[in-house]
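Convention: sequence-line order gives letters A, B, ...; per-chain numbering from 1.
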There are 2 protein chains.
Amino acid sequence: MLTDRQLFILQVIIDDFIRSAQPVGSRSLAEKEEVAFSSATIRNDMAELEDLGFIEKPHTSSGRVPSEKGYRYYVDHLLHPKKLNHQEVETINSIFVDRIYELEKVVQKSARILSELTNYTAIVLGPELKDNKVKKLQIVPLSKDAAIAIIVTDTGHVENRAFTLPEQVNASDIEKMVNILNERLVGVPLSELHDKLYKEIVVLLRRHINNYDAMLSMFAEAVDVQVSEKLFFGGKTNMLNQPEFHDVEKIRLVMNMIDQEEGMYRLISGVPTGIQVKIGKENQNAAMEHCSLITASYSIGDEQVGAIAILGPTRMEYSRVISLVDFLSHDMTKALTNLYHS
Amino acid sequence: MLTDRQLFILQVIIDDFIRSAQPVGSRSLAEKEEVAFSSATIRNDMAELEDLGFIEKPHTSSGRVPSEKGYRYYVDHLLHPKKLNHQEVETINSIFVDRIYELEKVVQKSARILSELTNYTAIVLGPELKDNKVKKLQIVPLSKDAAIAIIVTDTGHVENRAFTLPEQVNASDIEKMVNILNERLVGVPLSELHDKLYKEIVVLLRRHINNYDAMLSMFAEAVDVQVSEKLFFGGKTNMLNQPEFHDVEKIRLVMNMIDQEEGMYRLISGVPTGIQVKIGKENQNAAMEHCSLITASYSIGDEQVGAIAILGPTRMEYSRVISLVDFLSHDMTKALTNLYHS
DNA sequence: TTTAGCACTCATAATAAGAGAGTGCTAACA
DNA sequence: TGTTAGCACTCTCTTATTATGAGTGCTAAA
């Protein structure tokens, strides 16, 4: 069982290491104003903390460094949330002065600003579209055999995709089809589009359109493509500034990870509601072994639709980052809810 | 004046250095099969080449390294274009099996494949849109005061932007407006859109629509936003694999450069027709001091519309990269011209 | 004109010696 | 019993010293 003093020492060690990136020794700790014990006392407690696995020594006669378990305990029990200063609040709020229907821009800007505030890498998962409802469908023929399908959703998102026109389909067929689609599909959530097309629409098309089956399958395919949420990044290269990544070998893995959206997507999508901190190996990913990922979800109304994340070294300013991410996610939820849920 | 032998030696030095990244000495050169002179002879020629500034020594007693001037001469006069092998041709051609109207995808894929073939960073500037012609305009109201403007061009590109609806504008106004816009603007190049709106359309709108001036200015603003060509990247982190960038300081500048699209855009847009090689300081950019940039333009018909670029260390496989970039740019021109210019 | 030979240079690697920060342990102290 | 002072010990890091060797420039011979 840990004494209060030991916990205090653990906390000071971690705080210090987060600041300096240097192993911290008993002597330098004892010299701190807020620490009232002698270096020997601290050494005893350090030995205990090390036995329990909260801190470790890079080598026999060096200061101590927090272990992942130490960070974990720190995040779970020792953290006092850092209050954001006026400046920071201002900066975050400035994200939302933009025209809010330009959702992509807002999200993009969030990522940029968050990375600038933290000096880490920010990743924002744009709001999920599957619950967006169709506002308008359009087919624009480009040539004899190609056309563009356009879907506008109630949130102002526009999806478009090219598809091949079957033969024997003429302009009036297309017009009829667009009419039918709009009559029947406006208000339908994107996630149900495919089903509706094949269950309800197919019947109507059969009646009115030549070669309806080819046309429908082409269109459906165009529309069906996974409307995946998009990732936005800020400060992709910030990791290069961290002293623990002064070694090119270490950085390569991480940079590759960041740059290859797929892996990041897997990591970010499907985070639980609220704030989550994943430290080092907890990320279950070799590239992230020396990184921590702090995520926060945001919602429209009660439904979680996206996430914000900060990727930094395990030696991260947890307290400050958590506050920032928390604040932004709430702001985001507020803004989106106001917009789409009132 | 350089003798043939000196030029040959220069070429072998550069070829060797490109392969090994190590300064090359007279002895190791003399040992090569294709070199028939003694190391002493080579030393004499090297001294000459150094006097003329084509090669230099990192320090007094090390082998020689090509200077920028050396690379320049090499690229301009010594290069024998490397024939692409079957595999490479296949790979590049595979880019164009995709449905060609999915232009963004094709361009994206080009960047990826080019970076994989070269192990450098590939940048592709998507085709310019300013000569695209309007195929269809659409306004989709989202709420009382917001709407989405959509422009579809004849190349299948879809631009969309949110804008604020002025008060006193009702659904029938919008419908009228869309009709007028489509009647008058289909076939107009995007670059002339703004002018046409304010010269021809404004007159018509005045007659038919409430609050036409507010509506027009809102719409025009939405439509006016610079439809800037988009950059696509492949292998952003490939630079990390280059031994000359094993130092984090050096890499930071370059990575920042790559990541901040703006600078890259300035560098790539406005390249001349055909292949261009910019070596080191020729790029006029501190971050690119140790990099070379190989660019090739591609066209639709006779008109240059975009560019392909490879960014690598000055110690780049010029011969191979030039061939690849050249081949791809011609393929691209062919594909686009077939599509849009026939 | 080319090449062999040789002294010279200088980065790199290996080795040794100190300095210093930090530890663990013991014994004294409150 | 918990805390602290003292001290020997460990181990990294820095600096100095010394080979080692690849490579050069120069001279003289072929």
Participant: Any side-chain to backbone donor/acceptor pair from B/Ser323 onto B/Lys82? Under 3.5 Å, distance only.
Facilitator: yes

Participant: Please list, by residue number, the residues of residues 8-18 of chain B whose heavy atoms come closer than 4.0 Å to an atom of DNA chain C; answer none if no residue qualifies.
Facilitator: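 Heavy-atom contacts with DNA chain C come from no residue of residues 8-18 of chain B; none.
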
Participant: Determine, for A/Arg320 against A/Glu88, whether the closest basic-nitrogen to carboxylate-oxygen distance falls under 4.0 angstrom.
Facilitator: yes

Participant: Got a sec, which pairs hit side chain to side chain donor-acceptor pair (under 3.5 Å) with one end in residues 281-292 of chain B, sequence neighbours left out?
Facilitator: B/Arg72-B/Glu282, B/Ser292-B/Tyr318

Participant: Are the side chains of B/Leu267 and B/Leu311 in touch, meaning some heavy atoms are under 4.5 Å apart?
Facilitator: no

Participant: Closer than 3.5 angstrom, by distance alone: can the side chain of B/Thr118 be matched with the main-chain N or O of B/Val321 as a donor-acceptor pair?
Facilitator: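 Not a single qualifying donor-acceptor pair exists.
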
Participant: Give a yes or no on whether the backbone of B/Gly235 and the side-chain of B/Thr121 come within a donor-acceptor separation of less than 3.5 Å.
Facilitator: yes

Participant: When you measure from the side chain of B/Ser26 to the backbone N and O of B/Ile42, does any donor-acceptor pair fall under 3.5 Å?
Facilitator: no

Participant: C/dC6 P sits how many Å from B/Arg27 CZ, rounded?
Facilitator: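 Those two atoms, CZ and P, are 14 Å apart.
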
Participant: Please step through salt bridge (charged side-chain N to carboxylate O under 4.0 Å, His left out) for the pair A/Glu50 and A/Arg64, ending with a clear verdict.
Facilitator: CA-CA 8 Å; A/Glu50 185 172 6; A/Arg64 305 306 213 288; 2.8 Å; yes

Participant: Round to the nearest Å and state the distance from A/Arg5 atom CZ to D/dT1 atom C1'.
Facilitator: 12 Å

Participant: What is the distance, to the nearest angstrom, from the CD atom on A/Gln6 to the C1' atom on D/dT3?
Facilitator: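 Result: 13 Å.
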
Participant: Can you tell me how far CG of B/Leu324 sits from CD of B/Glu317, rounded to the nearest 0.5 angstrom?
Facilitator: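 CG of B/Leu324 is found 9.0 Å from CD of B/Glu317.
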
Participant: Check whether any side-chain N or O of A/Ser28 sits under 4.0 Å from OP1 or OP2 of C/dA21, and answer yes or no.
Facilitator: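 Result: no.
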
Participant: Could you tell me the separation between the CG atom of B/Leu29 and the C1' atom of D/dA22, rounded to a whole number of Å?
Facilitator: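 Between C1' of D/dA22 and CG of B/Leu29: 13 Å.
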
Participant: Any residue in residues 56-69 of chain A with a heavy atom nearer than 4.0 angstrom to DNA chain D? Just list them by number, or reply none.
Facilitator: A/His59, A/Thr60, A/Ser61

Participant: Could you tell me whether the side chain of B/Thr237 and the main chain of B/Leu240 form a donor-acceptor pair under 3.5 Å?
Facilitator: no

Participant: I'd like to know if the side chain of A/Ser269 and the backbone of A/Tyr265 have a donor-acceptor N/O pair within less than 3.5 Å.
Facilitator: yes

Participant: Return the residues of residues 37-45 of chain A meeting this criterion: a heavy atom under 4.0 Å from some atom of DNA chain D. Order them by number, or give none.
Facilitator: A/Phe37, A/Ser38, A/Ala40, A/Thr41, A/Arg43, A/Asn44

Participant: Just the rounded figure in Å: distance from C1' of C/dC25 to CD of A/Glu48.
Facilitator: 16 Å

Participant: Could you write out each protein N or O paired with an N or O of nucleotides 27-30 of chain C at a distance under 3.5 Å?
Facilitator:
none

Participant: Just jot down the ring-ring contact (aromatic ring centres under 6.0 Å, His included) partners of A/Tyr73, sequence neighbours excluded, or say none.
Facilitator: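 A/Phe54, A/His77.
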
Participant: Measure from CG on B/Asp51 to C1' on D/dG25 and round the result to the nearest Å.
Facilitator: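 Between C1' of D/dG25 and CG of B/Asp51: 12 Å.
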
Participant: For the pair B/Ser297 (side chain) and B/Gly274 (backbone), establish whether a donor and an acceptor sit closer than 3.5 Å, ignoring hydrogens and angles.
Facilitator: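 Pair found, side chain donor or acceptor close to backbone of B/Gly274.
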
